[in-house]
Protein chains: 4
Amino acid sequence: MATRFPATTQSSRRIPRQQRSRATVDAIVEAAAHVLATRGWAKFTTNEVALAAGASIGSLYQYFPDKLALVDSVRTRHLDAVLAALPDPDTLDLATPLAVRVDQVIDGVIAVHSINQRLHRVLLDEVPLAMRESDSVFEVEYLRRYQALVLPDTACSPGPGDVMAAKVLASAIEGAVHAAAARGELGVSEVRRELKGLVGAYLRERRVQAVER
Amino acid sequence: MATRFPATTQSSRRIPRQQRSRATVDAIVEAAAHVLATRGWAKFTTNEVALAAGASIGSLYQYFPDKLALVDSVRTRHLDAVLAALPDPDTLDLATPLAVRVDQVIDGVIAVHSINQRLHRVLLDEVPLAMRESDSVFEVEYLRRYQALVLPDTACSPGPGDVMAAKVLASAIEGAVHAAAARGELGVSEVRRELKGLVGAYLRERRVQAVER
Amino acid sequence: MATRFPATTQSSRRIPRQQRSRATVDAIVEAAAHVLATRGWAKFTTNEVALAAGASIGSLYQYFPDKLALVDSVRTRHLDAVLAALPDPDTLDLATPLAVRVDQVIDGVIAVHSINQRLHRVLLDEVPLAMRESDSVFEVEYLRRYQALVLPDTACSPGPGDVMAAKVLASAIEGAVHAAAARGELGVSEVRRELKGLVGAYLRERRVQAVER
Amino acid sequence: MATRFPATTQSSRRIPRQQRSRATVDAIVEAAAHVLATRGWAKFTTNEVALAAGASIGSLYQYFPDKLALVDSVRTRHLDAVLAALPDPDTLDLATPLAVRVDQVIDGVIAVHSINQRLHRVLLDEVPLAMRESDSVFEVEYLRRYQALVLPDTACSPGPGDVMAAKVLASAIEGAVHAAAARGELGVSEVRRELKGLVGAYLRERRVQAVER
DNA sequence: CATGAATGAGCGTTCATTCAT
DNA sequence: GATGAATGAACGCTCATTCAT
């Protein structure tokens with residue numbers, strides 16, 4: 001999937017055009033992600049980020065109106081990486097057996113959390129809710145992946161029950177993987193197995209019910 | 001379940017003797033929970049809590065050595081309420097059909113999150129990890145509830161696979177309910193239904209597999 | 001020498017008459033001295049003193065108008081002990097050879113600092129100047145001891161030069177002993193020897209000069 | 001003697017690069033010395049110092065990691081001035097008669113205390129011991145000045161008795177001058193005379209004893 | 001534009017003191 | 001009286017943000 005934004009759109013500051021500016025912005029976001037991942041939200045100070053980026057605090061505020069915008073950039077960048085690790089339903093072969101599709105998704109989600117575990121956790125656990133204004137673009141896209149799992153194999157528009165099933169499924173998987181990561185058990189095969197069992201059982205049962213109707 | 005603490009043992013501060021001071025302590029913890037729930041962790045300042053409690057900042061520090069102890073008190077109180085809302089496996093009739101047991105647990109977890117949704121989320125999402133020193137007493141007790149669900153109906157000690165299944169199940173349910181709460185959909189019956197479907201399907205399949213072995 | 005005060009005269013609070021009150025006051029002053037000596041001025045808090053005295057903070061303020069009065073009581077008590085350790089010129093045999101008198105005084109001053117070294121140091125080094133309103137009664141008495149050293153052997157009223165010599169001598173001895181205590185060398189015999197040498201040389205030379213005049 | 005520090009090396013804070021910040025740092029140290037001298041240690045608050053310096057509290061903490069570092073800067077600066085006022089034994093002509101050398105030292109010490117009497121007293125009397133981590137560089141240098149006085153005129157390494165004599169002498173002079181300053185008698189010629197008499201008598205007697213051995 | 005010195009509101013916390021019980 | 005709960009001004013210090021250079 002391509003990047004979802006042409007630039008840090010939410011910023012009221014000037015969008016950098018020159019490549020030197022572009023490099024500075026990148027360095028700052030990179031540094032911000034690093035500070036967030038290694039020091040946590042509490043130690044995530046703008047001055048620290050500027051220092052780590054090799055930029056001045058003034059430069060930072062040239063491109064980001066405030067701390068919120070900065071952390072938002074980090075989050076956006078990370079969510080893009082997350083989506084990229086999840087199989088895109090558009091490129092999905094409808095003939096793929098359900099079991100394989102489940103495997104792909106679970107493996108994908110676990111891969112996502114392995115990308116930058118610490119950053120992921122801090123972003124979700126520590127950054128105050130007020131600063132996590134739900135990124136609807138991301139959520140819609142994210143849900144689309146799960147609906148492809150839930151929907152019956154023939155291509156048809158999702159009913160309301162399907163949407164809810166997708167939501168429940170997505171958040172359940174998310175929760176289980178997140179907790180496993182928190183326990184340091186992301187790599188344990190049993191986690192993967194049980195999770196696949198959970199999702200598989202659910203989907204198989206739903207399919208049976210659909211046929212019965 | 002009874003309260004897990006005979007008194008606020010963790011404090012190094014004087015424990016209140018007069019009834020006046022007991023009232024003060026209660027007011028402070030109450031206010032702390034309220035501030036945490038309504039303003040979030042970032043605005044959770046000791047002065048704000050004291051003000052909300054109608055006490056002075058000095059009184060607050062008379063009973064809580066620091067901010068950590070205060071938020072700990074709030075968390076402890078909340079976790080007790082959480083456990084109280086979950087069916088205790090010890091009082092569980094083993095003859096109860098699986099479907100009923102699933103219903104009880106899902107209803108219980110949803111009830112838990114309905115107790116004080118916002119507080120629950122802030123406690124889990126915003127309070128820095130360092131301040132959430134995993135309350136092992138709580139977690140053990142919490143897991144015990146889920147193992148009773150997962151275990152086959154005959155009373156036998158849980159195997160390692162069962163423990164992991166309990167963990168995955170617990171965190172999946174937690175995640176789904178948590179997310180539903182975040183979307184303001186806790187009361188929606190579809191959520192409840194799909195969640196029960198998810199858990200039920202998993203457990204039924206596990207039972208079949210157990211019989212086959 | 002008798003106690004210099006009938007009671008904590010400087011206090012605006014009621015002088016305790018009953019023996020129970022008297023005991024309370026004593027316990028408080030005792031505790032105050034102990035806290036001051038063991039924890040230093042920075043940790044010398046009224047609540048701490050009350051606790052150590054086994055009294056309530058309210059009782060403390062019943063007898064001492066403020067912290068200043070309390071520390072003043074401690075200082076006064078200590079200065080009395082100091083004076084008691086110094087030979088009283090009134091009981092001094094004028095025939096005593098100068099060398100012996102010097103020995104007595106130096107030994108006395110060193111003894112003074114050994115009484116309660118830590119308290120002495122804290123009282124002189126840490127307690128803010130504002131709280132050490134020079135106790136003139138003490139200083140006059142203190143100086144009288146030194147004048148007896150300095151004055152020629154015949155009893156005559158001290159000239160202005162003698163007063164200054166006494167002051168210089170007193171403060172020099174004080175400084176040397178104080179510094180030795182700070183270095184933990186109060187017990188070292190060399191200190192005593194050199195100090196006696198210093199004082200002795202000075203007095204011998206003054207006597208020669210006096211005779212010459 | 002030259003300044004003992006090339007820069008405020010002890011600080012973990014950024015050292016000023018621009019001339020503007022150098023001026024700020026100087027103003028802060030200057031103000032700190034002034035506040036310490038005029039208000040005493042108890043009123044020596046970082047906010048007060050910043051205010052007196054015409055800087056913000058933030059600026060103060062930009063250059064000094066904490067209150068300790070600030071007061072350390074003041075002390076260091078003052079101790080440099082103290083040493084500068086004392087004759088350096090290296091530049092001392094060994095042929096200089098003892099009486100002259102005594103005069104130089106006493107005059108020097110009195111001059112030292114006249115530089116900034118109140119600051120000197122507060123620095124020595126009120127600043128908590130924990131914050132006066134004995135500046136050994138200073139003390140060694142200080143003692144060297146006194147040893148030059150005590151040592152016999154021929155250049156030879158000091159024996160252990162000489163070291164102690166130097167210590168006693170230094171602290172005695174210090175005490176006498178200190179007390180005179182406290183009484184506001186620093187400028188009185190009698191003080192100077194008696195002090196020179198005290199020191200001179202001691203040294204002359206020591207010289208005689210040395211010859212006898 | 002980049003820099004980094006400067007700002008100051010606001011934090012967590014202490015402790016001398018008061019006063020209802 | 002004695003008690004100790006309550007008070008709140010004031011402390012040391014942080015950090016998001018501004019603006020002169």
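In what follows, chains carry the letters A, B, and so on, assigned in the order in which the sequence lines appear, proteins first and then strands, with residues in each chain numbered from 1.
At whole-Å resolution of the value, CZ in D:R22 and P in E:dA5 are 12 Å apart. When the P atom of F:dC13 is taken as reference, atom CZ of D:F44 falls 11 Å away, rounded to whole Å. When rounded to the nearest whole Å, the span between CG of D:N47 and P of F:dT14 equals 13 Å. Distance CG (B:L51) to P (E:dG12): 13 Å, rounded to an integer number of Å. The nearest whole Å value for the distance from the CD atom in D:Q62 to the C1' atom in E:dG4 is 8 Å. Distance D:D66 CG to F:dC13 P: 5 Å, rounded to the nearest Å. The nearest whole Å value for the distance from the CH2 atom in B:W41 to the C1' atom in E:dG12 is 11 Å.
A sub-4.0 Å separation between OP1 or OP2 of F:dG12 and a side-chain N or O of D:T46 is present. Taking side-chain N and O atoms only, A:Y61 has a distance below 4.0 Å to OP1 or OP2 of F:dT17. Contact check, C:Y63 against F:dA2: a side-chain N or O comes under 4.0 Å of OP1 or OP2. D:T24 has a side-chain polar atom (N or O) that falls below the 4.0 Å cut-off from OP1 or OP2 of E:dA6.
When Watson-Crick and G-U wobble pairs are counted only if both distances are under 3.5 Å, F:dC13 pairs with E:dG10. Under the Watson-Crick or G-U wobble criterion, with both distances below 3.5 Å, E:dT17 is paired with F:dA6.
Each of C:K67 and B:K43 was assigned the nucleotide of DNA chain E with the nearest heavy atom; the assignment lying further toward the 5' end belongs to B:K43. Comparing A:L60 and D:S56, the nucleotide of DNA chain E nearest to each residue sits closer to the 5' end for A:L60. Both D:G58 and B:G58 lie close to DNA chain F; mapped to their nearest nucleotides by heavy-atom distance, the more 5′-ward contact belongs to B:G58. The 5' end of DNA chain F is approached more closely, in terms of each residue's nearest nucleotide, by D:A42 than by the other of D:A42 and A:A42.
Here E:dG12 is the nucleotide among F:dA16, E:dA2, E:dG12 with the atom lying nearest to any side-chain atom of B:T45. Distances were taken from every side-chain heavy atom of D:I57 (C-beta onward) to each of E:dA9, E:dT3, F:dA5; the shortest belongs to E:dA9.
Using a 4.0 Å heavy-atom distance criterion, D:A55 is classed as a sugar-phosphate-only contact.
Of all heavy-atom pairs between D:L119 and D:A33, the closest is CD1-O, 3.8 Å.
For the pair A:F44 and A:V122, the minimum side-chain heavy-atom distance is 4.5 Å or more. At least one side-chain heavy atom of A:V25 sits under 4.5 Å from a side-chain heavy atom of A:F64.
Under the 3.5 Å distance criterion, the side-chain polar atoms of B:D66 are matched with a main-chain donor or acceptor of B:A69. No side-chain donor-acceptor contact under 3.5 Å links C:D72 to the backbone of C:R75.
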